[in-house]
Amino acid sequence: MNLALLVLIPFVGSALAAWAGSHGRRLRSASAASLATFSALLLLLPSAGDVLQGETLLWGHDWVPAAGLSVSLRLDGLGLLFALMILVIGLLVILYARYYLSEKDPMGRFYAYLLLFQGSMLGVVLSENIIQLLIFWELTSISSFLLISYWRHREDARQGARMALAVTAAGGLAMLAGFLLLGEIVGSYELTVILRSGDLIHEHPWYVPTLVLILLGVFTKSAQFPFHFWLPHAMAAPTPVSAYLHSATMVKAGVFLLARLFPALSYSAEWSWLVGGAGLITLLLGAYSALFQHDLKGLLAYSTISHLGLITLLFGI
């Protein structure tokens with residue numbers, strides 16, 4: 001299977017949905033989005049058997065060989081789990097949004113943004129090169145900004161979008177610095193090399209700064225304390241956006257990165273205190289705040305924060 005094609009399909013679908021919407025074909029934009037997501041899912045499923053047998057599928061192409069950069073993708077068990085979640089839940093949300101959006105809402109623009117986000121998330125979970133992963137990571141921040149502010153006439157939507165972009169993009173800049181340090185320590189930006197270099201990373205004097213910078217990116221994206229405040233404001237987005245981004249996929253990107261880099265960065269006191277501590281505070285704070293919410297979206301926002309804190313706490317332990 002060509003992994004590059006799998007990541008590319010949603011971006012092509014995004015362009016098709018935007019074209020259909022600009023020509024007044026609302027139903028065709030929904031059909032284009034559904035077809036793109038379903039096609040990517042059909043492309044992914046045949047490889048599931050090999051991955052479940054323990055194989056890791058790799059695809060790569062040299063980008064800037066002199067700098068050691070390449071466009072490379074990997075599909076292993078963790079990537080398969082998240083890719084299935086992105087595509088299956090994405091397909092359900094696309095079908096739901098078809099009936100949720102009103103006649104006044106530009107459906108083509110909505111589906112174009114949604115598929116742009118979907119392709120960015122697939123890029124995050126299937127990247128082999130961590131600099132490439134970061135590019136897709138920031139694309140998720142940009143596409144989520146567009147989706148949260150979809151109802152431009154609402155002040156709370158515009159404010160929530162700006163807040164989400166500011167927090168997650170700032171975390172992405174910190175993570176860029178962390179990834180650059182990690183690449184310098186290991187001598188490669190490829191995950192295959194990084195994941196088997198845990199001892200080298202832990203023994204290096206840059207380990208703690210590298211860990212802190214990467215965790216800043218993780219905590220901002222997954223709404224962990226003290227960066228949890230942006231998620232309830234982002235719930236001003238349309239319900240399909242809240243379901244897809246802020247409950248199912250985008251906020252799980254930080255959890256995914258914790259799992260992805262766990263073999264390389266964990267098993268240290270610093271990891272346990274930082275990850276476990278942030279997770280515990282987020283778990284309790286989110287659960288406590290959820291008790292006092294009077295609307296369903298607020299309740300879902302804080303309960304999501306609490307459950308993300310639980311997962312983060314387990315990684316810390």
Out of curiosity, does Leu285 fall in the hydrophobic cluster containing Leu310 (side-chain heavy atoms, cut-off under 4.5 Å, transitive links)?
no
For Gln224 against Ala278, the heavy-atom pair lying closest together
OE1-O, 4.0 Å
Please report, to 0.1 Å, the donor-acceptor pairs under 3.5 Å made by any side chain of residues 205-213, with sequence neighbours excluded.
| from | atom 1 | to | atom 2 | distance (Å) |
| --- | --- | --- | --- | --- |
| Tyr207 | OH | Leu265 | O | 2.6 |
| Tyr207 | OH | Ser268 | OG | 2.6 |
| Thr210 | OG1 | Trp206 | O | 2.7 |

Which residue pairs satisfy the ring pair (Phe, Tyr, Trp, His ring centres under 6.0 Å) criterion with at least one member in residues 119-148, sequence neighbours excluded?
none
Any heavy-atom pair between the side chains of Leu75 and Thr56 that's under 4.5 Å?
no
Tell me whether Tyr267 is reachable from Val275 by hopping between hydrophobic residues (I, L, V, M, F, W, Y) whose side-chain heavy atoms are closer than 4.5 Å.
yes
Going by heavy atoms in the side chains, are Leu95 and Ser34 under 4.5 Å from each other?
yes
Counting distance only, does the side-chain N/O of Ser14 pair as donor-acceptor with the main-chain N or O of Ala112 below 3.5 Å?
yes
Would you indicate whether the side-chain heavy atoms of Ser72 and His61 approach each other to under 4.5 Å?
no
For the pair Tyr244 and Phe117, evaluate ring-ring contact (aromatic ring centres under 6.0 Å, His included) and give the outcome as yes or no after the intermediate values.
CA-CA 10 Å; Tyr244 195 33; Phe117 172 80; 5.6 Å; yes
Spatial distance of atom CG (Leu245) from atom CD1 (Ile148) [nearest 0.5 Å]
6.5 Å
Distance in Å, His204 NE2 paired with Asp199 CG, rounded so as to fall on 0.5 Å steps
14.0 Å
Evaluate the side-chain contact (heavy atoms from CB on, under 4.5 Å) criterion for residues Leu283 and Leu308: first the C-alpha distance (whole Å), next the side-chain angles of each, then the deciding distance (0.1 Å), finally the verdict.
CA-CA 7 Å; Leu283 166 65; Leu308 289 169; over 6 Å; no
Could you tabulate the donor-acceptor pairs under 3.5 Å formed by side-chain atoms of residues 175-184, not counting sequence neighbours?
none

Could you tell me if the ring centre of Trp271 sits under 6.0 Å from that of Phe262?
yes
Please, which pairs that meet side-chain hydrogen bond (donor to acceptor under 3.5 Å, both in side chains) have at least one residue in residues 301-310, sequence neighbours excluded?
none
Taking the side chain as C-beta and beyond, is there a heavy-atom pair between Leu261 and Leu191 under 4.5 Å?
yes
Determine whether Thr282 and Thr312 satisfy the following criterion, side-chain contact (heavy atoms from CB on, under 4.5 Å), listing intermediate values before the conclusion.
CA-CA 9 Å; Thr282 307; Thr312 304; over 6 Å; no
Given side chains that start at C-beta, do those of Leu73 and Asn129 come closer than 4.5 Å, heavy atoms only?
no
Are the side chain of Ser188 and the backbone N or O of Glu190 linked by a donor-acceptor pair below 3.5 Å?
yes
Any pair counted as side-chain hydrogen bond (donor to acceptor under 3.5 Å, both in side chains), so long as it reaches residues 143-152, sequence neighbours left out
Asp105-Trp151
Around atom CZ of Phe38, are there more than 12 heavy atoms from other residues, nucleotides or ligands closer than 6.0 Å?
no
Derivation and outcome, side-chain contact (heavy atoms from CB on, under 4.5 Å), residues Thr239 and Lys297:
CA-CA 8 Å; Thr239 299; Lys297 275 196 170 185; 3.5 Å; yes
Establish whether Phe256 and Ile135 are linked, either directly or via other cluster members, by ILVMFWY side-chain heavy-atom contacts under 4.5 Å.
yes
Consider side-chain contact (heavy atoms from CB on, under 4.5 Å). Of Ile94, Leu16, Val12, which one does Leu115 pass it with?
Ile94
Sidechain-backbone polar pair: Gln293 side chain, Ser289 backbone, donor-acceptor under 3.5 Å
yes
Tell me the side-chain hydrogen bond (donor to acceptor under 3.5 Å, both in side chains) pairs involving residues 74-89, sequence neighbours left out?
Arg74-Asp76, Arg74-Glu128, Arg74-Thr192, Asp76-Arg260
With salt bridge (Lys or Arg N to Asp or Glu O under 4.0 Å) as the rule and sequence neighbours excluded, what pairs involving residues 88-97 come up?
none
For residues 4-11, dump all side-chain donor-acceptor pairs below 3.5 Å to protein atoms at least two apart in sequence or in another chain.
none

Closest heavy-atom pair, Ala36 versus Gly13, reported as atoms and distance to 0.1 Å, is CB-CA, 3.8 Å
Going from CG on Leu195 to CD1 on Ile201, what distance comes out if it is rounded to the nearest 0.5 angstrom?
8.0 Å
Using a 3.5 Å distance criterion without hydrogens, assess whether the side chain of Gln53 forms a donor-acceptor pair with backbone atoms of Val51.
no
Same cluster for Tyr113 and Met235 if Ile/Leu/Val/Met/Phe/Trp/Tyr side chains link at under 4.5 Å?
no
Correct closest heavy-atom pair for Gly286 and Ile305 would be CA-CG2, 4.3 Å
Taking the side chain as every heavy atom from C-beta outward, state whether Leu101 and Pro240 have any atom pair closer than 4.5 Å.
no
Is there a side-chain contact between Leu257 and Lys221 (heavy atoms, below 4.5 Å)?
no
On the 0 to 90° scale, with breaks at 30° and 60°, tag the Tyr100-Tyr96 ring pair as parallel, tilted or perpendicular.
tilted
Rounded to the nearest 0.5 Å, what's the gap from CG on Leu122 to OG1 on Thr140? Could you check?
12.0 Å
In residues 82-91, what donor-acceptor pairs under 3.5 Å come from side-chain atoms, sequence neighbours left out?
none

Would you check if the side chain of His202 reaches a backbone N or O of Gly198 as a donor-acceptor pair within less than 3.5 Å?
yes
The test is side-chain contact (heavy atoms from CB on, under 4.5 Å); show your working for Leu52 and Leu80 and say whether it passes.
CA-CA 9 Å; Leu52 292 175; Leu80 176 66; 4.3 Å; yes
Which distance, rounded to the nearest 0.5 Å, do you find between the CG of Leu146 and the CG of Leu114?
11.5 Å
Tell me, which pairs form a salt bridge (Lys or Arg N to Asp or Glu O under 4.0 Å) where one or both residues lie in residues 232-250, sequence neighbours left out?
none
Which residue pairs pass the salt bridge (Lys or Arg N to Asp or Glu O under 4.0 Å) test with at least one member in residues 270-286, sequence neighbours excluded?
none
So, do Leu231 and Val251 sit near enough that their side-chain heavy atoms are less than 4.5 Å apart?
yes
How far apart are the closest heavy atoms of Trp230 and Thr220, and which atoms are they?
NE1-O, 2.8 Å
Solution key, residues 160-173 side-chain donor-acceptor pairs under 3.5 Å, sequence neighbours excluded:
| from | atom 1 | to | atom 2 | distance (Å) |
| --- | --- | --- | --- | --- |
| Thr168 | OG1 | Ser141 | OG | 3.2 |
| Thr168 | OG1 | Ala164 | O | 2.6 |

Looking only at heavy atoms, the pair that brings Ala301 and Pro232 closest together is CB-CA, 3.9 Å
ILVMFWY cluster, Leu215 and Phe315 together (side-chain gap under 4.5 Å)
yes
How close do Arg98 and Tyr111 get, heavy atom to heavy atom, and via which atoms?
N-OH, 3.0 Å
